[in-house]
Amino acid sequence: MIKRCGVREVNTTRKARKNFLILTLVMAVLLVAGCAPYVSRDEKEDIQQKMTAYLTSRYDKEFVVQEPRLVGNEGLGYNLFAAKAYPKDQTSLLFNVVWDKDGKAEDDYLNKRWTKEGKKHVESILKDIYGEDMLVVYNNFYYFGQELDANLNELKDLNYADLINGHGATLGCHMDYFVFVDSNYDKKAEAEKVYKFYDEYFKKYGFNTYIVSISYIQREYKAEYVERFKAHNYETMGFTREEADKLKSEKIILNTLRFSCPIDKLSQITKPDDLISKFEY
């Protein structure tokens, strides 16, 4: 049974925001960070060992934690150590771990693992709809914080397929993808394609939260943007606002379509025409 995005789901979304507060803060701080205070090698090694012990205890497997970095700025203070880490048996799976000065740790290991495992599934659905005329540039699949902590022993060994088939109401997904079209593209036809993806993925599995942004790009620029974004491995959320505005003015980006839940609830999107109003132009 698909759960709709009502009061319970909004409350759950707030919990998700809380879960990602530290990791989001780290990213924001890195953008405006000045020169952090000096940290001795001994202190860094101590934090590194604590991060490693935290991950090993939490997931019952071995991890390698890279050198931590003290992050912050003069306004917020330098209160967090951040590092990249990966499982010893899966060196390509990089994720984030943070440790604050009160000894509280957070990580996004499972979210990164499930996102990587789900990549082929998402792409297969989109390719069935668009053929080679699309490119997924960003995909972040996650399980909500409070529920994840409460059910960690049950969830930590689940793969993506098991998770998505049994826990849809507590899943979230943020994704950006490009569609390469001719200048005379048909908005109604494109809305039908978006609805097909929405129906076969978000609605089918009962996602609690999703944010989807689709950029419609002149087909002649396909090779350029495929080459540019394919190397980012789903880590870059499309264009910056400034670049997008410039590309729109140059008619390279012809349009964008965005929809999200709980803003656009499952019960509010019942047919392709419900998505036409989501086009920017």
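Side chains included, hydrogens not; waters and symmetry mates left out as well; all remaining heavy atoms used.
- Between Gln66 and Met51, the closest side-chain pair of non-hydrogen atoms is not below 4.5 Å.
- Under the side-chain contact (heavy atoms from CB on, under 4.5 Å) rule, Phe81 has a single partner from Arg69, Glu43, Lys50, Gln48, which is Glu43.
- Between the Thr115 side chain and the Phe141 main chain, a donor and an acceptor come within less than 3.5 Å of each other.
- Counting only N and O atoms by type, the side chains of Ser183 and Lys251 include no donor and acceptor under 3.5 Å apart.
- In this structure a side-chain-to-backbone donor-acceptor pair under 3.5 Å is missing from Trp99 to Glu106.
- Rounded to the nearest 0.5 angstrom, Ile269 CD1 and Asp199 CG are separated by 10.5 Å.
- In this structure, the side chain of Thr170 engages the main chain of His167 through a donor-acceptor pair within 3.5 Å.
- Neither side chain, Asn139 nor Tyr177, offers a donor N or O lying under 3.5 Å from an acceptor on the other.
- Between the side chains of Lys84 and Asn96, a donor-acceptor pair is found at a separation under 3.5 Å.
- In this structure, the separation between CG on Leu257 and NZ on Lys278 is 8.5 Å, given to the nearest 0.5 Å.
- In the model, Ser260 has no side-chain atom that pairs as donor or acceptor with a side-chain atom of Tyr210 under 3.5 Å.
- With hydrogens and angles ignored, the 3.5 Å screen pairs no side-chain donor or acceptor of Asp108 with any backbone N or O of Asn111.
- Formation of a donor-acceptor pair under 3.5 Å by the Asn159 side chain with backbone atoms of Ala161 is found in this model.
- Residues Ile217 and Val181 fail the side-chain proximity criterion, which asks for heavy atoms closer than 4.5 Å.
- Among the candidates Tyr138, Phe239, Tyr130, the single residue satisfying the ring-ring contact (aromatic ring centres under 6.0 Å, His included) test with Phe178 is Phe239.
- With no hydrogens or angles considered, a side-chain donor-acceptor pair links Asp274 and Thr270 at under 3.5 Å.
- By the ring-ring contact (aromatic ring centres under 6.0 Å, His included) test, Phe279 is found to be paired with Tyr216, residues two or more places apart in sequence or in another chain being considered.
- The only option from Phe202, Phe259, Tyr143 that meets the ring-ring contact (aromatic ring centres under 6.0 Å, His included) definition with Phe207 turns out to be Phe202.
- Atom CD of Glu62 sits in a sparse spot, with 12 or fewer heavy atoms from other residues, nucleotides or ligands closer than 6.0 Å.
- Hydrophobic clustering (side-chain heavy atoms under 4.5 Å, transitive across Ile, Leu, Val, Met, Phe, Trp, Tyr) groups Tyr160 together with Phe95.
- Taking CG from Leu70 and CG from Leu80, the interatomic distance works out to 8.0 Å, rounded to the nearest 0.5 Å.
- Looking at Asp100, its side chain does come within 3.5 Å of a backbone N or O of Asp102 through a donor-acceptor pair.
- In terms of the side chain to side chain contact (heavy atoms under 4.5 Å, CB included) criterion, residue partners of Val64 (sequence neighbours excluded) are, by chain and number, Tyr86, Lys88.
- Ring-centre distance between Tyr201 and His121: below the 6.0 Å cut-off.
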